[in-house]
Amino acid sequence: MTPMRPVRALFIGLAFLGILWAAPTTAAEVQEPRWGFSTDLGLWSGTTNDTTFALGFGLDYYMDQNFSFGGMALFTPVGDLTQIGIAGVAKYHLRLNSGFNLVPFAGLGILHADLNRGSGPTKVDRNDTSHFIPLGMSLEYQVGPKIAFSTTLMVNLHHITLSPPVPNDNTSVALLFGIRWGP
């Protein structure tokens with residue numbers, strides 16, 4: 001037996017054990033779904049066009065019952081201002097015994113604002129894109145094992161510059177009401 005054969009046999013044995021360890025122990029094991037979805041509607045205040053109606057959507061992957069990460073989209077579909085914010089968000093789900101959940105979150109993404117207001121010489125038609133940092137807290141009430149009603153208060157940090165006569169927009173606040181589906 002050459003000196004390399006025991007080393008090779010050891011590596012093959014470790015690889016085989018790794019495969020066995022990673023494989024499910026029984027064929028009957030069922031993986032619980034780890035994806036969640038959210039939808040919201042509410043008000044987005046402090047924008048370049050004052051307070052606007054907003055829609056929000058989210059898709060979360062749950063690492064466990066208390067931590068999730070995913071994407072979030074917030075936009076204003078009606079009015080003079082079209083504003084779209086997209087961010088990757090991390091959330092911590094603090095589950096209380098009373099059926100309520102506190103969910104602080106923070107994210108990082110981009111925000112695009114397009115303001116088209118008025119006509120004639122006073123017409124404003126400008127747009128800008130900026131960083132988007134949503135920071136907030138959701139209060140959820142579990143109405144079933146996988147569904148919850150929620151209220152979300154979110155502070156958004158960004159820097160939208162649409163030039164005079166429109167003032168710069170550095171922060172905004174959103175108050176949203178919605179439904180959460182998840183594990």
Side-chain angles (χ1 to χ4, degrees), residues 13-47 51-78 83-113 129-160 170-183:
L14 288 175
F16 182 73
L17 287 175
I19 291 170
L20 288 178
W21 181 69
T25 57
T26 65
E29 273 187 33
V30 176
Q31 181 75 344
E32 185 175 326
R34 294 187 167 278
W35 288 96
F37 177 75
S38 62
T39 182
D40 297 290
L41 60 95
L43 301 173
W44 195 347
S45 68
T47 68
T51 300
T52 59
F53 173 74
L55 293 174
F57 298 97
L59 182 65
D60 294 307
Y61 181 77
Y62 286 78
M63 298 296 290
D64 60 32
Q65 282 290 100
N66 296 323
F67 180 75
S68 68
F69 64 91
M72 177 191 78
L74 186 64
F75 67 98
T76 58
V78 295
Q83 192 159 279
I84 301 170
I86 299 172
V89 179
K91 299 178 181 177
Y92 181 77
H93 303 264
L94 179 61
R95 300 181 188 280
L96 306 174
N97 290 335
S98 58
F100 286 96
N101 305 326
L102 289 175
V103 184
F105 62 88
L108 181 62
I110 60 170
L111 177 69
H112 179 77
T129 302
S130 169
H131 64 276
F132 179 51
I133 303 172
L135 305 169
M137 172 84 71
S138 292
L139 175 64
E140 300 175 350
Y141 179 70
Q142 291 291 143
V143 293
K146 297 186 182 279
I147 190 168
F149 292 135
S150 71
T151 301
T152 301
L153 182 62
M154 179 182 350
V155 175
N156 304 304
L157 307 175
H158 44 75
H159 184 70
I160 297 294
N170 295 314
T171 61
S172 60
V173 176
L175 178 62
L176 305 166
F177 302 94
I179 299 175
R180 307 282 185 262
W181 293 272

Worksheet entry | Heavy-atom check, side chain of Met72 versus side chain of Lys91, under 4.5 Å | no
Item to complete: Decide yes or no on side-chain contact (heavy atoms from CB on, under 4.5 Å) for Asp60 and Arg180, but give the supporting numbers first.
Response: CA-CA 10 Å; Asp60 294 307; Arg180 307 282 185 262; 5.9 Å; no
Worksheet item: When rounded to the nearest 0.5 angstrom, what distance separates CG in Leu111 from OG1 in Thr129?
Response: 8.0 Å
Residues 171-179, side-chain donor-acceptor partners within the protein, below 3.5 Å, at least two apart:
residue: Ser172; atom: OG; partner: Trp44; partner atom: NE1; Å: 2.8
residue: Ser172; atom: OG; partner: Asn156; partner atom: ND2; Å: 3.3
residue: Ser172; atom: OG; partner: His158; partner atom: NE2; Å: 3.1

Item to complete: Answer yes or no: does atom CZ of Phe67 have more than 12 heavy-atom neighbours from other residues, nucleotides or ligands under 6.0 Å?
Response: yes
Worksheet item: After noting the C-alpha distance and the side-chain angles of Ser45 and Leu43, does the key distance pass the side-chain contact (heavy atoms from CB on, under 4.5 Å) rule?
Response: CA-CA 6 Å; Ser45 68; Leu43 301 173; 5.8 Å; no
Discussion item. Assess the residue pair Trp35 and Tyr62 against the criterion (ring-ring contact (aromatic ring centres under 6.0 Å, His included)); give the C-alpha distance rounded to whole Å, side-chain angles, the decisive distance to 0.1 Å, and a yes or no.
Written reply: CA-CA 6 Å; Trp35 288 96; Tyr62 286 78; 9.2 Å; no
Discussion item. With heavy-atom distances below 4.5 Å as the criterion, would you say the side chains of Leu55 and Phe53 are in contact?
Written reply: yes
Worksheet item: How many angstroms lie between CD1 in Ile160 and CG in Asn170, if you round to the nearest 0.5 Å?
Response: 9.5 Å
Discussion item. Checking side-chain polar atoms at under 3.5 Å, does His93 have a donor or acceptor matched by the opposite partner on Asn66?
Written reply: no
Worksheet item: CG of Leu102 to CZ of Arg95: how many Å apart, nearest 0.5 Å?
Response: 11.5 Å
Listing, residues 132-141 side-chain donor-acceptor contacts under 3.5 Å, not counting sequence neighbours, or none:
residue: Ser138; atom: OG; partner: Thr152; partner atom: OG1; Å: 2.7
residue: Glu140; atom: OE1; partner: Asn101; partner atom: ND2; Å: 3.3

Discussion item. Between Gln83 and Thr52, is the side-chain contact (heavy atoms from CB on, under 4.5 Å) condition met? List the steps.
Written reply: CA-CA 10 Å; Gln83 192 159 279; Thr52 59; over 6 Å; no
